[in-house]
Number of protein chains: 2
Amino acid sequence: MKKAAELFHTKGYTATTMRELAQVVGLEASSLYSHIKSKEELLIHLCFTNAKKFSDGIEEAEKQDSSVCEKIEFLLNQQIKIALEDGTSVTVFDDEWKHLSEPYLSSFLQIRKDYQRRFLKIITHGIEKKELIDISPSIIMNTLISSIRWVHLKPELLKQTGMQDLSKDISQIILTGIKK
Amino acid sequence: MKKAAELFHTKGYTATTMRELAQVVGLEASSLYSHIKSKEELLIHLCFTNAKKFSDGIEEAEKQDSSVCEKIEFLLNQQIKIALEDGTSVTVFDDEWKHLSEPYLSSFLQIRKDYQRRFLKIITHGIEKKELIDISPSIIMNTLISSIRWVHLKPELLKQTGMQDLSKDISQIILTGIKK
DNA sequence: GTCTATAACTTGATAGAC
DNA sequence: GTCTATCAAGTTATAGAC
């Protein structure tokens, strides 16, 4: 599974063949089918495992008895942590979900939509409480989510900077920019 | 070419077949080869056309006799403009370049590396002049570049907000976060 | 569980008539 | 330039021996 994520990450899902995947785990392609049902099963697992991590994160943020800024900082931290712990998996989640077939595709999009809806709600609440600047919540959310979508591609920065500091620096940039 | 970008954008380069591409332009697959030499030729064109736009942008920023913050704001604006004018093309540039074969792959990566080197130089200069906060230039640059990597996926926001305002809002968030 | 062999199909690209 | 027909290679997945 981890090897699959690495290949999907570097080559993309469609461009990765079962033969290649078999080779990196030291088997013939046909032998893989004793362990998995299909190639797509791997993609499904990777996409939904990450979707769950993100959903769990936002649920935890919602429960917290804290300011909106603290909630957002928590979410940023948590997502940076996920990206650094399993970067290849995050790539698949970010970029390769589109190759899911139905009904998995619709299900995945539904989960993602729900996540964004809840994130938007937190931001909107922050604007109402005048914790955040009065900019379109949608613009703020997309900028927030995107701004950390490079961390998983730079594992070498983690070693230089350390996760705690990296997370703190990014949070500082983004939070300063949206605080009122 | 525009139709190719759209398909590569929605399905990905590998998952897009010549037969599909032919269908959307109302031809048979074989007829495409009277117009192009190969499937990869399309990918090459899309990747390098966008690479040139970005390189031209940074060259212009370097020439400007302005503060570092103004240069960065110019770059953000310019990249948002590119993303809104031709979103599907930007997706290919961002995500599908990895399917380039040699020597195009190396050439593309070289151009991108050069772009980032020059962007880093501007940021480093800004930190030295105490225009920007003292955070790792690499973290600042990656956060900057990533933070707008969603604009091309939301053309509907353009109609609501207008490019000028959208660009101004995003710049405000990011620039406030890195200004000293 | 792993292998070899292969089925069933899709891929990018070409040949040659019109 | 566009078509039909086709090729050679590569794809996921299965069958059946060990």
Side-chain angles (χ1 to χ4, degrees), chain A residues 1-50 88-89 91-108, chain B residues 1-50 88-89 91-108:
Chain A
M1 181 57 65
K2 200 169 168 56
K3 295 290 184 183
E6 284 168 23
L7 277 175
F8 293 168
H9 162 76
T10 47
K11 303 202 60 173
Y13 174 72
T14 317
T16 301
T17 68
M18 295 303 276
R19 288 171 177 82
E20 288 171 318
L21 182 52
Q23 200 183 9
V24 299
V25 296
L27 289 174
E28 291 300 315
S30 60
S31 306
L32 293 173
Y33 291 90
S34 296
H35 303 270
I36 56 162
K37 218 173 106 295
S38 68
K39 182 185 174 185
E40 190 178 13
E41 194 180 270
L42 295 166
L43 180 63
I44 293 168
H45 182 269
L46 289 165
C47 288
F48 283 89
T49 301
N50 278 280
T88 59
S89 181
T91 301
V92 177
F93 173 71
D94 278 351
D95 300 337
E96 305 297 330
W97 57 263
K98 64 172 119 179
H99 299 115
L100 287 168
S101 68
E102 295 296 353
Y104 303 102
L105 180 60
S106 294
S107 171
F108 178 84
Chain B
M1 180 59 63
K2 200 168 168 56
K3 295 289 183 183
E6 283 168 24
L7 277 175
F8 293 168
H9 163 75
T10 47
K11 303 201 62 175
Y13 174 72
T14 318
T16 300
T17 68
M18 295 304 277
R19 286 166 178 78
E20 287 172 318
L21 182 53
Q23 200 184 10
V24 300
V25 295
L27 290 174
E28 290 301 315
S30 59
S31 306
L32 293 174
Y33 291 89
S34 296
H35 303 271
I36 56 162
K37 218 173 107 291
S38 69
K39 183 184 176 188
E40 191 179 12
E41 193 180 271
L42 295 166
L43 180 64
I44 292 168
H45 182 268
L46 289 165
C47 288
F48 284 89
T49 301
N50 277 281
T88 57
S89 180
T91 300
V92 178
F93 173 70
D94 278 351
D95 301 336
E96 305 296 331
W97 57 263
K98 65 172 118 178
H99 299 115
L100 288 168
S101 67
E102 296 295 354
Y104 304 102
L105 180 60
S106 294
S107 170
F108 178 84

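Chain A is the first sequence line, chain B the second, and so forth, proteins listed ahead of strands; every chain is numbered from 1. Predicted model only: the values in this text are computed from it and were never measured.
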Q) Would His9(B) and Thr91(B) count as a side chain to side chain donor-acceptor pair (under 3.5 Å) if you check the C-alpha gap in whole Å, the side-chain angles of each, and the deciding distance to 0.1 Å? A) CA-CA 6 Å; His9(B) 163 75; Thr91(B) 300; 2.6 Å; yes

**Q.** Out of dT14(D), dA13(C), dG1(D), whichever nucleotide has its closest atom nearest the side chain of Tyr33(A)
**A.** dT14(D)

Q) Rounded to the Å, how far apart are Leu32(B) CG and dT11(C) P? A) 14 Å

Q: Determine whether any donor atom in the side chain of Arg19(B) lies under 3.5 Å from an acceptor atom in the base of dG12(C), or the reverse, and answer yes or no.
A: yes

(Q) For a quick check of understanding: with a heavy-atom distance under 4.0 Å over all strands, which category does Ser30(A) fall into, base, sugar-phosphate or nothing? (A) base

Q) Would a line drawn from the ring center of Phe93(A) to the ring center of Phe8(A) be shorter than 6.0 Å? A) no

Q.
If you assign Lys39(B) and Gly26(A) each to the DNA chain C nucleotide with the nearest heavy atom, which residue ends up on the more 5' nucleotide?
A. Gly26(A)

Q.
Below 30° counts as parallel, above 60° as perpendicular, anything between as tilted: where do the rings of Trp97(A) and Phe108(A) land?
A. parallel

Q. What is the distance from CE of Met18(B) to P of dG10(D), rounded to the nearest Å?
A. 18 Å

(Q) Rounding to an integer number of Å, can you tell me how far Glu28(A) CD sits from dC3(C) P? (A) 5 Å

Q. From the list dC3(C), dT11(D), dC3(D), which nucleotide is the closest neighbour of the side chain of Leu27(B)?
A. dC3(D)

(Q) Just to be sure I understand the rule, does Ser31(A) reach a base, reach only the sugar-phosphate, or reach nothing, if contact means heavy atoms closer than 4.0 Å? (A) base

Q: Could you check how far CD of Gln23(A) sits from P of dT11(D), rounded to whole Å?
A: 12 Å

Q: Could you tell me whether Ser34(B) contacts a base, only the sugar-phosphate backbone, or nothing, with contacts defined as non-hydrogen atoms closer than 4.0 Å?
A: base

Q) Is it the case that more than 12 heavy atoms not belonging to Lys98(B) sit under 6.0 Å from its NZ atom? A) yes

Q.
Using whole Å, what does the distance between atom C1' of nucleotide dT2(C) and atom NE2 of His35(A) come to?
A. 8 Å

(Q) Does atom CD (Gln23(A)) have a neighbourhood of more than 12 heavy atoms from anything else shown, all under 6.0 Å? (A) no

(Q) Using a heavy-atom cut-off of 4.0 Å across all strands, would you classify Thr16(B) as base, sugar-phosphate, or nothing? (A) sugar-phosphate

**Q.** Distance, rounded to the nearest Å, where Glu20(B) contributes CD and dT11(C) contributes C1'
**A.** 11 Å

Q: Take atom CG of Leu7(B) and atom P of dG12(C), then tell me their distance rounded to the nearest Å.
A: 12 Å

(Q) In this structure, how many angstroms lie between the C1' atom of dT11(C) and the CD atom of Glu40(B), rounded? (A) 15 Å

